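The block underneath contains the structure these notes are about, expressed in structure tokens.
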Amino acid sequence: LPGEHERQRLLSNQFFRQFERFDDDHTSLTNQLLSNFCRSATTKARFDISFDVQGCLSDLALDSNTKGFSGRELEKIIQGILYKTYASDKGVLGMELWRKETMALVEAVTAKHALVRRKG
């Protein structure tokens with residue numbers, strides 16, 4: 001199982017493979033058109049400019065509830081947040097969505113671990 005440093009690196013790599021910063025401050029028509037053109041070329045979800053990426057990823061990596069999670073389980077948490085971001089009204093990841101979904105996903109993996117221990 002990955003240690004704290006590996007967990008932070010794994011979460012960061014996975015996050016930045018899936019997400020890009022959302023900057024809706026396009027003042028000129030040229031910037032708007034260029035943004036729309038460039039946006040269609042990417043499949044990454046967006047995160048809000050005020051979203052504290054490093055803080056959130058660090059908190060998740062150091063959270064005592066995620067100790068014992070495999071690298072694949074940590075990647076699935078980021079993947080789950082990606083899906084919820086696409087399904088959200090804004091389509092942009094913010095702090096509220098992050099907190100809600102990480103809590104739900106961590107609880108689901110923790111419940112799976114408890115079930116495996118009970119059966120084993």
Side-chain angles (χ1 to χ4, degrees):
L1 296 175
E4 287 179 4
H5 178 71
E6 291 84 11
R7 295 152 56 84
Q8 282 187 294
R9 202 172 64 200
L10 184 144
L11 287 167
S12 183
N13 288 341
Q14 185 67 15
F15 184 87
F16 286 108
R17 263 189 257 142
Q18 304 295 339
F19 289 89
E20 65 185 2
R21 192 174 104 186
F22 175 65
D23 185 8
D24 66 352
D25 185 28
H26 304 293
T27 53
S28 73
L29 180 59
T30 304
N31 282 347
Q32 288 177 353
L33 292 173
L34 187 58
S35 173
N36 288 337
F37 175 74
C38 292
R39 176 70 186 141
S40 63
T42 183
T43 58
K44 291 184 175 186
R46 299 177 184 182
F47 63 90
D48 191 81
I49 194 167
S50 64
F51 183 71
D52 179 13
V53 176
Q54 293 305 327
C56 288
L57 294 175
S58 180
D59 289 348
L60 183 59
L62 300 174
D63 187 341
S64 63
N65 292 325
T66 63
K67 297 235 188 293
F69 282 23
S70 70
R72 180 69 182 132
E73 289 167 332
L74 294 170
E75 288 179 354
K76 282 188 166 195
I77 289 173
I78 299 297
Q79 187 177 36
I81 294 166
L82 172 72
Y83 295 150
K84 292 295 186 172
T85 301
Y86 280 131
S88 70
D89 292 337
K90 290 182 179 180
V92 177
L93 177 62
M95 292 301 293
E96 184 178 333
L97 181 61
W98 172 267
R99 284 187 201 106
K100 178 183 171 191
E101 296 308 323
T102 54
M103 186 184 313
L105 293 164
V106 167
E107 285 176 3
V109 175
T110 303
K112 180 186 91 168
H113 287 188
L115 183 63
V116 168
R117 278 193 302 269
R118 251 185 290 155
K119 288 189 175 198

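Everything numeric in this text was worked out from a predicted model, so none of it was measured.
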Practice prompt. Please name all residues satisfying side-chain hydrogen bond (donor to acceptor under 3.5 Å, both in side chains) with Ser64, sequence neighbours left out, ordered by chain then number.
Written response: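 For Ser64 there are no side-chain hydrogen bond (donor to acceptor under 3.5 Å, both in side chains) partners, ignoring immediate neighbours.
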Worksheet item: Do the side chains of Ile49 and Ile81 join up, straight or via other hydrophobic residues, at under 4.5 Å, putting them in one cluster?
Response: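 Ile49 does not cluster with Ile81.
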Worksheet item: Are Leu62 and Val109 in one and the same hydrophobic cluster, where Ile, Leu, Val, Met, Phe, Trp and Tyr link if side-chain heavy atoms are under 4.5 Å apart?
Response: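 Unlinked, Leu62 and Val109 end up in two clusters.
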Practice prompt. Working to the nearest 0.5 Å, report the span between CG of Leu105 and CD of Gln79.
Written response: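 Output value for this atom pair is 10.0 Å.
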Residues 9-16 side chain polar contacts: donor-acceptor under 3.5 Å, at least two apart:
from  : atom 1 : to    : atom 2 : distance (Å)
Asn13 : ND2    : Arg9  : O      : 3.4
Gln14 : OE1    : Arg17 : NH1    : 3.0

Worksheet entry | Minimal non-hydrogen separation, Leu82 against Ala45, with atom names |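 Taking every non-hydrogen atom into account, CD1-CB, 3.4 Å.
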Worksheet item: Do you know the tightest heavy-atom contact between Leu1 and Ser70?
Response: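 Nearest pair, atom of Leu1 first, then Ser70: CD2-CA, 3.8 Å.
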Worksheet item: Can you list every side-chain hydrogen bond (donor to acceptor under 3.5 Å, both in side chains) pair that touches residues 93-116, not counting sequence neighbours?
Response: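 Those involving residues 93-116 are Glu73-Lys112, Glu73-His113.
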Discussion item. For Val92 and Phe47: C-alpha separation, side-chain torsions, deciding distance, then whether side-chain contact (heavy atoms from CB on, under 4.5 Å) applies.
Written reply: CA-CA 5 Å; Val92 177; Phe47 63 90; 5.5 Å; no
Fill in: side-chain contact (heavy atoms from CB on, under 4.5 Å) evaluation trace for Phe22 with Leu93
CA-CA 9 Å; Phe22 175 65; Leu93 177 62; over 6 Å; no
Worksheet item: Can you check whether Thr66's main-chain N or O pairs, donor with acceptor, with Arg7's side chain at less than 3.5 Å?
Response: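 Yes: the side chain of Arg7 pairs with the backbone of Thr66.
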Worksheet entry | Residue list, salt bridge (Lys or Arg N to Asp or Glu O under 4.0 Å) with Glu6, at least two apart or on another chain |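 Per chain and number, Glu6 pairs via salt bridge (Lys or Arg N to Asp or Glu O under 4.0 Å) with no residue.
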Could you give the side-chain donor-acceptor pairs of residues 51-61 under 3.5 Å, partners two or more places apart or in another chain?
from  : atom 1 : to    : atom 2 : distance (Å)
Asp52 : OD1    : Gly55 : N      : 3.1
Ser58 : OG     : Gln8  : NE2    : 2.9

Worksheet item: Which salt bridge (Lys or Arg N to Asp or Glu O under 4.0 Å) pairs, counting each pair once, include a residue from residues 74-83, with sequence neighbours left out?
Response: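 Passing the test, one end in residues 74-83: Arg72-Glu75.
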